[in-house]
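In what follows, a single structure is set out as structure tokens and then discussed.
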Amino acid sequence: MSMGERFLDKKDDGYHVAVVGATGAVGQTMLDILAEREFPVAELTLLASSRSAGSVITHQGKDYVVQDLDGFDPAGLDIALFSAGGDTSKTHAPRFAAAGCYVVDNSSAWRMDQDIALVVPEVNPQALNMARENKIIANPNCSTIQMVVALKPLHDAMPIERVVVSTYQAVSGAGGKAMDELAKQTAQLLNAQSVDVDVFPARIAFNVIPHIDDFMADGYTKEERKMMDETVKIMGSDIAVTATTVRVPVFYGHSESVNITFNGPMNAEKARGLLADFDGICVVDDPSAEDYPMPTEAAGSDPVWVGRIRDDLSCPNSLHLWVVADNVRKGAALNAVQIAEILIR
Ligand code: A2P
């Protein structure tokens with residue numbers, strides 16, 4: 001799709017890129033993906049809180065000293081990839097944007113702001129045009145991203161009326177400390193010790209927690225609300241979405257059971273073809289060979305994996321899908337870098 005004029009002037013030597021939250025789980029993956037995809041970086045600035053300022057990160061054989069975001073002057077930056085929490089984004093993204101830097105923000109701070117672009121490159125790249133003035137682009141919630149990639153080719157063929165989704169979300173979505181907590185609790189339980197519960201609302205090892213982010217007055221959690229509202233904003237359509245979001249003791253890779261009702265005829269066979277032909281999706285769907293997507297295979301990979309594609313026998317024009325992706329890559333860091341790639345195209 002043509003996006004019109006360039007967002008950033010062409011720079012033959014590359015761009016000055018900052019990673020904000022460079023010591024975190026997503027920030028580290030952003031660095032890996034910039035290198036893997038050979039993003040043209042002329043200068044790289046790594047930022048985090050005062051806690052880790054002064055520490056050294058080695059990236060592509062070069063040492064970088066992490067700088068304190070507070071007091072950092074963004075003048076001269078072209079692109080900043082933020083993954084340092086909502087409060088940090090609220091405070092610092094506007095001052096980076098005012099300095100002329102495009103901010104791709106992984107937090108929920110700006111996503112539902114009506115003037116801010118909420119972008120999944122495979123689904124709504126044209127929304128990026130909203131960012132030409134305000135220069136802030138929001139990366140959607142990890143669970144939303146992988147679901148809308150799977151919905152897009154189907155919705156283009158036959159409008160979707162309603163989606164019912166249940167998620168099985170990995171602990172890496174809650175950051176580095178959350179991964180440490182699953183590892184530690186697992187070791188504690190296997191050694192017949194009592195467990196320490198700190199990051200999650202309950203023990204996560206050998207458990208399933210139907211509670212991600214805060215509860216709201218209507219009984220939904222904020223994570224569920226994000227999936228419902230962000231899907232409508234990204235798809236630009238009044239799709240009815242209802243979600244139940246659940247944390248499971250998996251390190252990397254979110255899985256989703258997605259039930260979709262269409263406005264008219266759609267079936268599993270047609271959907272399988274549409275999904276297989278879509279950029280960014282890999283279909284793995286062969287029950288006879290017991291072949292279906294799982295986080296063990298999706299972790300470390302870029303595509304959104306779709307399987308268990310079948311007609312919903314209880315309802316006409318309805319399907320079930322099982323959708324798996326690496327939540328730290330496509331759900332966060334990769335999506336942000338793909339957005340940055342459009343900004344320099
Ligand atoms: P720091 O290492 O200094 O705490 P994760 O999601 O894995 O928990 O990582 C969160 C990332 O966000 C880390 O890089 C963390 O830096 C960074 N971060 C958290 N709070 C702030 C803040 N107030 N200012 C700058 N960076 C922050």
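Note that ligands are numbered from 1 as they come in the structure, with each ligand's atoms numbered from 1 the same way. Just so it is clear, the structure is predicted and the values come from calculations on it, not from any experiment. Numbering starts at 1 and runs along the sequence shown.
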CG (D214) with more than 12 external heavy atoms under 6.0 Å: yes
If you take the nearest heavy atom of each of S83, G175, A48, which one is closest to atom 11 (C) of ligand 1? S83
Decide, yes or no, whether a salt bridge links E122 with K152 under the criterion of side-chain N to carboxylate O below 4.0 Å. no
Using a 4.0 Å cut-off to any heavy atom of A25, which atoms of ligand 1 qualify? 7 (O)
Judged by modelled atom types alone, do S318 and T261 share a side-chain donor-acceptor pair under 3.5 Å? yes
For residues 189-199, pull every pair meeting side-chain hydrogen bond (donor to acceptor under 3.5 Å, both in side chains), keeping only residues two or more places apart or in separate chains. K184-D196, Q188-D196
Candidates D311, D286, D285 - the one meeting salt bridge (Lys or Arg N to Asp or Glu O under 4.0 Å) with R272: D285
Which atoms of ligand 1 sit under 4.0 Å from any heavy atom of G21? 11 (C), 12 (O), 14 (O), 17 (C)
Between R345 and F7, is NZ or CZ placed under 6.0 angstrom from the six-membered ring centre and within 45° of the ring axis? no
Heavy-atom side-chain contact between W305 and V323 under 4.5 Å: no
Tell me which protein heavy atom sits closest to atom 17 (C) of ligand 1, plus the residue, atom name and distance to 0.1 Å. A84 CB, 3.7 Å
Heavy-atom nearest option to atom 8 (O) of ligand 1, drawn from G176, A22, G173: G176
Atoms of ligand 1 under 4.0 Å from any heavy atom of S49, numbered from 1 in the order shown, are 1 (P), 3 (O), 4 (O), 16 (O), 21 (C), 22 (C), 24 (N), 25 (C), 26 (N), 27 (C)
Looking just at side-chain N and O atoms, do Y64 and T45 make a donor-acceptor pair shorter than 3.5 Å? no
Taking non-hydrogen atoms only, is T23 closer than 4.0 angstrom to ligand 1 via side chain, backbone, both or neither? both
Any idea which atoms of ligand 1 are less than 4.0 Å away from a heavy-atom of S52? 1 (P), 2 (O), 3 (O)
Identity and separation of the nearest protein heavy atom to atom 20 (N) of ligand 1: R51 NH2, 3.4 Å
Give the residue, atom name and distance (to 0.1 Å) of the protein heavy atom nearest atom 9 (O) of ligand 1. G24 CA, 3.2 Å
Atom 23 (N) of ligand 1: which of T29, L47, T91, T88 has the nearest heavy atom? T88
